[in-house]
2 protein chains.
Amino acid sequence: MNTSLSRPVLSEAQEDYLKQILLLGSAPEGSSLEHTTAVSTQELADRMEVKPASVTGMLKKLAELALVEYEAYKGVRLTEAGYKVALEVLRHHRLLETYLHQALGYGWEEVHAEAERLEHHISEAFEKRIAEWLGHPSHDPHGDPIPTAELHLPEGVPTRRLAALEAGERGLVARVGSQDQDALNLFAHLGLRPGAQVEVLEHMPEGVRVRAAGERYLLPVALTQIVWVAEVGG
Amino acid sequence: MNTSLSRPVLSEAQEDYLKQILLLGSAPEGSSLEHTTAVSTQELADRMEVKPASVTGMLKKLAELALVEYEAYKGVRLTEAGYKVALEVLRHHRLLETYLHQALGYGWEEVHAEAERLEHHISEAFEKRIAEWLGHPSHDPHGDPIPTAELHLPEGVPTRRLAALEAGERGLVARVGSQDQDALNLFAHLGLRPGAQVEVLEHMPEGVRVRAAGERYLLPVALTQIVWVAEVGG
DNA sequence: ACCCGGTTTTAGGTATGCCTAAACTATTAG
DNA sequence: CTAATAGTTTAGGCATACCTAAAACCGGGT
Ligand SMILES: [Mn+2]
Ligand SMILES: [Mn+2]
Ligand SMILES: [Mn+2]
Ligand SMILES: [Mn+2]
């Protein structure tokens, strides 16, 4: 009983495009389609590791399917329908990451690659069962919010980039917002995972000196943009 | 660390062809490449729900990859390399079925469709973790043997088709060897699942009268070919 | 020996999703 | 206000995996 899904059957590539358009067009904290910005061909090409010409082709196809609004030279935005699909894929992704971590003992930094593929291939029954097993979690192991079954994206606690903390300030890692495997490996290695405490010791030209898991490190600025921290007692 | 796998990266379609060549070419009990028979274009076309012309095309490609031996008009057999791939896919499939059943509470008859897709998309890490979680099971929920991590197919206990039992004989369902969803639903509904007791009451022209789960049914002959039974006390 | 009918292959075509190279557009720096 | 350049699109290709229609094959029966 396939419930003849209300959404068309999309390819893996199409689903990934929609998901990335959502991710790239959203403010780091933000949710809701209205607060979304247009995404350029170039950004998508970089993120999808594909040539810009390929992106143009795909965007035309998605526009025909009424999943995006696309005007040449002006970037794309999701339509209401496209937004739904993107959230659905994102839900699969983040539930899978959580399940791999909690049920199968995957490392925090290992889950992304596996989820990136599986998100396109699990059924709604599978989604439902792992969500139940997990007790309907609100956040994945990276601290990212998981869209609900009704496709609402929960608001998070207010956070600031690690880069924005003053010297001497401390906080709790709330989110490590990276898709890059090497960066994740590094963070995992340093103990900079969601829930951990961090303190900014000093801002330097080459990066930010921090203390995490009892050790001191110099983090390149780019990496301190990726880590979001919440109030210590929050 | 992808360990740069010894086998080439194959498409989902290629993997499914190899698996079906293995399944169609093996005796119902049999294992080992030697005891395998050639498989015809037609059989594959039926099984894969594809036209014979498509099969011919695929077989040529697989032959180029040295995964099958293919001679026009004479059917295919797997090469040693193709046999390995087929067993690998089969291991994924049957481990997944077992996991979906035991860990996620899928019904015995629901697992096939989900496994059919996922088998191509899980990593070796995933395979390993579910195998460990399950305690390295030897058989899947349908009673089919699961290839080991070293890709050996365990021998089963000797079984006979339900159709082969004499009137009055009883046995334990050892295996329900169907890929057909509707047949599986029916068997599940009747309580004819691996481990259940069955008794053949009478052979009729229209089918076989059996008792299972306390009830009496008339099973079409075709369906009694699919069910394998072992000695009651075996 | 030959014919027939089922099986299999060939030939030619579709759609997807990617590529490169070349042409074009929009924006920004002078 | 133009001209360079970064960003984008078009045009033309390739590979995969299917399809249909037509031709070729093969084995059994006469
Ligand atoms: Mn993906
Ligand atoms: Mn879903
Ligand atoms: Mn499959
Ligand atoms: Mn494997």
Minimum-distance nucleotide (side-chain atoms of B:A13 versus D:dC19, D:dA17, C:dT9): D:dA17
Value in whole Å for how far the P atom of D:dG7 lies from CG of A:L59: 17 Å
Donor + acceptor pair across side chains of A:H112, A:Q181 (<3.5 Å): no
Flag for B:E119-B:H93: side-chain donor and acceptor within less than 3.5 Å: yes
Among D:dG7, D:dC18, C:dG17, the nucleotide that comes nearest once only the side chain of B:M58 is considered: D:dC18
B:Y73 side chain, from C-beta outward: closest of C:dT10, D:dT8, D:dC26: D:dC26
Touch class at under 4.0 angstrom, heavy-atom based, for B:V55 against every strand present: nothing
B:L44 CG to C:dT7 P, straight-line distance once rounded to whole Å: 14 Å
Listed nucleotide nearest any side-chain atom of B:A53, set C:dT10, D:dA17, C:dA21: C:dT10
Salt-bridge criterion met for B:R129 and A:E110 (N-O under 4.0 Å): yes
Rounded distance (Å) that lies between atom C1' of C:dA15 and atom CD of A:Q14: 11 Å
N or O in side chain of B:S54 less than 4.0 angstrom from D:dA17 OP1/OP2: no
Side-chain touch A:L18/A:Y83, heavy atoms, less than 4.5 angstrom: no
Sugar-phosphate, base or nothing in reach of B:K60, heavy atoms under 4.0 Å: sugar-phosphate
Nearest-Å distance for atom pair CD/C1', residues A:E71 and C:dA26: 13 Å
Options D:dT20, D:dA17, C:dG17, nucleotide nearest the side-chain atoms of B:K51: D:dT20
Gap between atoms CD and P, on A:E43 and D:dA6 respectively (whole Å): 17 Å
Atom-pair distance (CD on A:Q42; C1' on D:dT9), nearest Å: 13 Å
Nearest-nucleotide pick for A:Y70, side chain only, options being C:dG17, D:dT8, D:dT9: D:dT9
B:T79 side chain to B:E69 side chain, donor-acceptor N/O pair below 3.5 angstrom: no
Below 4.0 Å: OP1/OP2 of C:dC18 and any side-chain N or O of A:Y17: yes
Candidates C:dT9, D:dT8, C:dT16 - which lies nearest the side chain of A:S40: D:dT8
Length of the line joining B:K74:NZ and C:dT9:P, which is rounded to integer Å: 12 Å
Rounded distance in Å - CE (A:M48) to P (C:dC19): 10 Å
Side-chain N or O of B:T56 closer than 4.0 Å to phosphate OP1/OP2 of C:dT10: no
